[in-house]
Amino acid sequence: MNDIVRMVGDSAERIFSGQITAAVRAAFERGEWCADLWRAVDGAGLLDALGDEATTPYAQLDAGAAVLRAAGAYAVPLPVGETMIGRWLIRSVGLACPDGALALAPANFDTTISATRRRDSLVLKGSERLAPWGSSAAQIVAVAATPDGPCVCQVSRETVKSFAGRNLAGEPNATIEFEGAEVPAGSWALLAPSLSAEAGLELAALARTVMMAGALERVLELAVDYAGSRQQFGRPIAKFQAVQQNLAVLAAEVAVSNAVSDAAVAELRESNSRTLTLAANARVRDAADVVARIAHQVHGAIGFTHEHMLHHYTRRLWAWRDEYGGLAVWSQRLGRAALAADGEGLWSTLTAV
Amino acid sequence: MHERANLRLTAFRLDEQCERLRLEVREFLDEQRKSGLLVRPTRIGAEFSPEFSGKLGARGWIGMCWPKRYGGGERSALERYVVTEELLAAGAPVRAHWVADRQSGPVLLKFGTEAQRMKYLPAIARGECYSCVGLSEPDSGSDLVSIRTRAERVDGGWRINGTKLWTTNAHRAHFMVALCRTAPAGDDRRSGLSQFLIDMKTPGLTVRPILNLASEHDFNEVHFDDAFVPATALIGEEGKGFSQVSAELAYERSGPERWLSSFRVWVELIDALREHGDSGSTTEVGRMLAHLVSLRQMSISVAAMLQAGKTPNTQAAIVKELGTRFDQEVPRLAHRLFDVVGLGRNGGAPTRAHNIVDHALLWSPAFTLRGGTTEILRGIIARELGLR
């Protein structure tokens, strides 16, 4: 990890750990927008960490990933990934970046948003369900299919119909009807040829993977701390082998999630291959399930309530793993890649660079 | 936030030199397929082929990392890693030289005398000399320091009495590296143990076959009845055997064999599902392959850390813990998917696919027992977490 990436990561951790107090979390749980936190995070430049280079779009992905991992580790109640990726998409086509929070569309791989020209504007068609943070963001960055190719569109929420909801972690989302929404000139442009139509969605999925990896690591710390301090039968419960073995399994899931998510970021940055990205997206979603279960088992009754902060993490793990493509989507893609060749060809598929 | 360095593995990509070597190995394997020395496996686990080992040795792919004066290639740990994973994925018959290359040779290199090294290492590197490991006993498995095979000092050497168990390939090996008790345990149970290099033709040494769950002869019981070995048989320092063995076990802890044992099941499964599979089986396959790809990434990173002179003990134990459970799950997945897509065996002769899945199922209990049980590995990880 180079120095800049480390600096960005440290900066993110400092801001998140300093700013996210119990009061901030409580306000968020009540449904409030954390405006002060937003100002601190945005003011520190964290949401611009992905950079803006259109020709080598993934050049700063490692710095962006450092912010995202920290965002997961601190269960940051803001659309960090969405805003980072939205700005990255907008800058990649040379448009001016709006202030404020962003949401992304499509947010699912089976959704199509399309657009037709009306003079200098685009008129959108289609809808998206459960777009993360869609109800908090003033602007939605939508990638719409047009006869000329995919276009990045900055869509004002005032121009669409949206229905607010929340995921199981209490994070806001929205079902959005784009039908008839007009995107004026200056708010849309053709996607750079270096990026595929799915690039934004693909990056959003990897963002969730990296965020989950950060959250998993924090959950391990919570579990180890709890087991070390909770005394029963005259000793910390960490002294019982059954608990030790469970924590070892949890730690193994953290380690593999770290390894494969870091490797996926490097792959996306350095090559056209996607094997590690597919594998990371699937593997970390699997890990999230195991880790949430073990963590709750270790934390006993108090972990099952709002009296302990574990729920901020496990509810997010359960929610995040289904956003921008769940386990099945990533498993399908990797499975199809493997089945494209015969059995003796499998190894070549898995080891291709 | 506290970052646990021992749960991080630097993202590492194999360089061009490694990828070129990979292609060389694949060419070599294609040649062996043409000559008939490498056939498509009908079982999991590598076959025993002195001829193949000889050819591999001639290419310089045994003892790859050893100094040239011992017949080695002075190649990097990562290059060795690449050769290893290619051979295992292809189901190459590497059984004969495997243990000597992976464990016994490195022990001699690290702790042996010059005479021991010169006598054995070049022959191992040529693929002509095979070894077995004398550790487990009837009453000692996970609790290694409780071993009772004893070596008593006598004139000119040592007299060994006791029994070693589960000794893989003792019936086909030239020498054994055995852990024996040479002094009473005292306060430190780990002291008083020593390693010996024992010629399998030593009088007083008898080998009895043990059939495993797959009804194969792989394991043996090796009995020492006043077996005399010369003083030159001692490896390293008397009494330091335990720490020498610990180093030995760590070498192989994270290798790709930990998650490639069942790879031939994948080959059969893919072929079967291309014809009979559906969307659901594709998803299940992909989900498990994500585990394989992740484990591979960890193994590569651990190899890179070892190359850089680090000692990634936690990470290596984790790779083994996850990898062996994964390997165990693969035949179960194949069995389930064959059932679900209707490739059960109602009528008709069993296919090669069924045979390999059966064989893997029979072997699968061993994956999480050999070289350190799951429970022991989790204990090691727990210790590294500071819990014990």
Side-chain angles (χ1 to χ4, degrees), chain A residues 1 13 17 70 73-74 217-218 220-221 224 227-228 238-239 241 243-245 247-249 251-260 262-263 265-267 270 275-276 278-283 286 327-328 330-339 341-348 350-351 353, chain B residues 1-4 6-14 19 22 26 40 85-86 89-90 263 266-274 277 279 281-298 301 314-315 318-319 321-322 375 377-382 384-388:
Chain A
M1 197 203 307
E13 293 213 5
S17 65
Y74 287 90
E217 201 164 39
R218 180 82 175 109
L220 172 66
E221 289 314 313
V224 168
K239 292 302 172 201
Q241 257 194 3
V243 175
Q244 289 173 0
Q245 300 260 310
L247 287 171
V249 172
E253 296 292 311
V254 169
V256 69
S257 297
N258 284 337
V260 74
D262 281 350
V265 169
E267 178 187 68
E270 294 162 16
T275 309
L276 283 163
L278 298 181
N281 287 344
R283 186 63 181 86
D286 243 341
L327 177 61
W330 303 106
S331 301
Q332 246 303 298
R333 289 186 171 209
L334 189 55
R336 267 191 273 127
L339 288 160
D342 65 9
E344 289 284 11
L346 174 65
W347 183 248
S348 292
L350 297 175
T351 56
V353 285
Chain B
M1 189 184 83
H2 177 207
E3 180 192 291
R4 288 183 185 267
N6 62 359
L7 295 183
R8 291 291 177 105
L9 292 97
T10 31
F12 189 85
R13 289 167 76 79
L14 296 165
E19 295 302 333
R22 184 189 305 286
R26 289 181 183 179
R40 180 159 171 161
E85 68 172 2
E86 287 298 316
F263 190 74
W266 282 112
V267 175
E268 302 302 328
L269 183 59
I270 294 289
D271 278 343
L273 292 180
R274 271 160 66 86
S279 162
S281 56
T282 302
T283 301
E284 284 224 52
V285 158
R287 182 182 175 188
M288 274 293 266
L289 284 176
H291 285 249
L292 192 160
V293 170
S294 305
L295 286 163
R296 176 168 184 261
Q297 180 58 42
M298 288 187 83
S301 296
T314 324
Q315 295 90 329
I318 285 173
V319 174
E321 201 280 342
L322 290 172
E375 290 73 16
L377 292 168
R378 288 176 182 179
I380 291 171
I381 297 165
E384 299 283 328
L385 290 174
L387 300 173
R388 46 187 286 163

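In the text below, chain A, chain B and the rest are named by the order of the sequence lines, each starting its count at 1.
Here the side chains of B:Ile318 and A:Val256 are not in contact, with every heavy-atom distance at 4.5 Å or above. Counting only heavy atoms from C-beta outward, the side chains of B:Leu289 and A:Leu350 approach each other to under 4.5 Å. Annotation: side chain of A:Leu278 is not in contact with side chain of B:Val293 (no heavy-atom distance under 4.5 Å). Counting heavy atoms from C-beta outward, A:Val254 and B:Arg4 have side chains that stay 4.5 Å or more apart. A 4.5 Å side-chain heavy-atom check between A:Gln241 and B:Glu375 finds every atom pair outside the cut-off. A:Asp262 is not listed as a side-chain neighbour of B:Thr10, based on a closest heavy-atom distance of 4.5 Å or more. Between A:Glu253 and B:Leu322, some side-chain heavy-atom pair lies under the 4.5 Å cut-off.
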Item checked: Working for side chain to side chain contact (heavy atoms under 4.5 Å, CB included), residues A:Val224 and B:Leu387 -> CA-CA 8 Å; A:Val224 168; B:Leu387 300 173; 4.1 Å; yes
Note to self: B:Arg274 vs A:Asp342, test: salt bridge (charged side-chain N to carboxylate O under 4.0 Å, His left out). Steps then yes/no.
What the structure shows: CA-CA 7 Å; B:Arg274 271 160 66 86; A:Asp342 65 9; 5.7 Å; no
Margin query: One pair to check against side chain to side chain donor-acceptor pair (under 3.5 Å): B:Thr283 and A:Gln332. What are the steps and the verdict?
Written below: CA-CA 4 Å; B:Thr283 301; A:Gln332 246 303 298; 2.9 Å; yes
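For the atom pair B:Arg287 CZ and A:Leu327 CG, the distance stands at 5.0 Å (nearest 0.5 Å). Atom CD of B:Glu321 is separated from atom CD of A:Gln245 by 8.5 Å, given to the nearest 0.5 angstrom. Rounding to the nearest 0.5 Å places CD of B:Glu85 at 7.0 Å from OG1 of A:Thr351. Distance check: B:Gln297 CD to A:Glu267 CD gives 9.0 Å after rounding to the nearest 0.5 Å. The distance from atom CD of A:Glu221 to atom CG of B:Leu385, rounded to the nearest 0.5 Å, is 8.5 Å.
There is no side-chain donor-acceptor pair under 3.5 Å between B:Arg296 and A:Thr275.
Chosen from B:Leu273, B:Asp271, B:Ile270, B:Leu295, the residue pairing most often with chain A at heavy-atom distances under 4.5 Å is B:Ile270. The candidate with the highest count of non-hydrogen atom pairs below 4.5 Å against chain A, out of B:Arg40, B:Glu384, B:Glu268, B:Glu284, is B:Arg40. For the options A:Val353, A:Asn281, A:Leu334, heavy-atom pairs under 4.5 Å to chain B are most numerous at A:Leu334.
With a 4.5 Å cut-off on non-hydrogen atoms, A:Asn258 touches chain B through its side chain but not through its backbone. Using a 4.5 Å cut-off between heavy atoms, B:Leu14 makes no contact with chain A at all. Interface residue A:Ala341: only backbone heavy atoms are found under 4.5 Å from chain B. Only the side chain of A:Glu270 comes within contact range of chain B, judged by heavy atoms closer than 4.5 Å. Heavy atoms of A:Ser257 lying under 4.5 Å from chain B are absent altogether. When heavy atoms are compared at a cutoff of 4.5 Å, B:Phe263 approaches chain A solely by way of its side chain, counted from C-beta outward. Both the backbone and the side chain of B:Ser279 come within contact range of chain A, each with at least one heavy atom under 4.5 Å from a heavy atom of that chain. Looking at B:Ser301, neither its backbone nor its side chain comes within 4.5 Å of chain A, counting heavy atoms on both sides. For chain B, the nearby parts of A:Leu247 are the backbone and the side chain; heavy atoms of each come within less than 4.5 Å.
Nearest approach of A:Val260 to B:Ser294, heavy atoms of both residues: CG2-OG, 3.4 Å. The minimum heavy-atom distance linking A:Ala282 with B:Ala290 is given by the pair CB-CB, 3.6 Å. B:Ile381 approaches A:Ala251 most closely through the heavy-atom pair CG2-CB, 4.1 Å.
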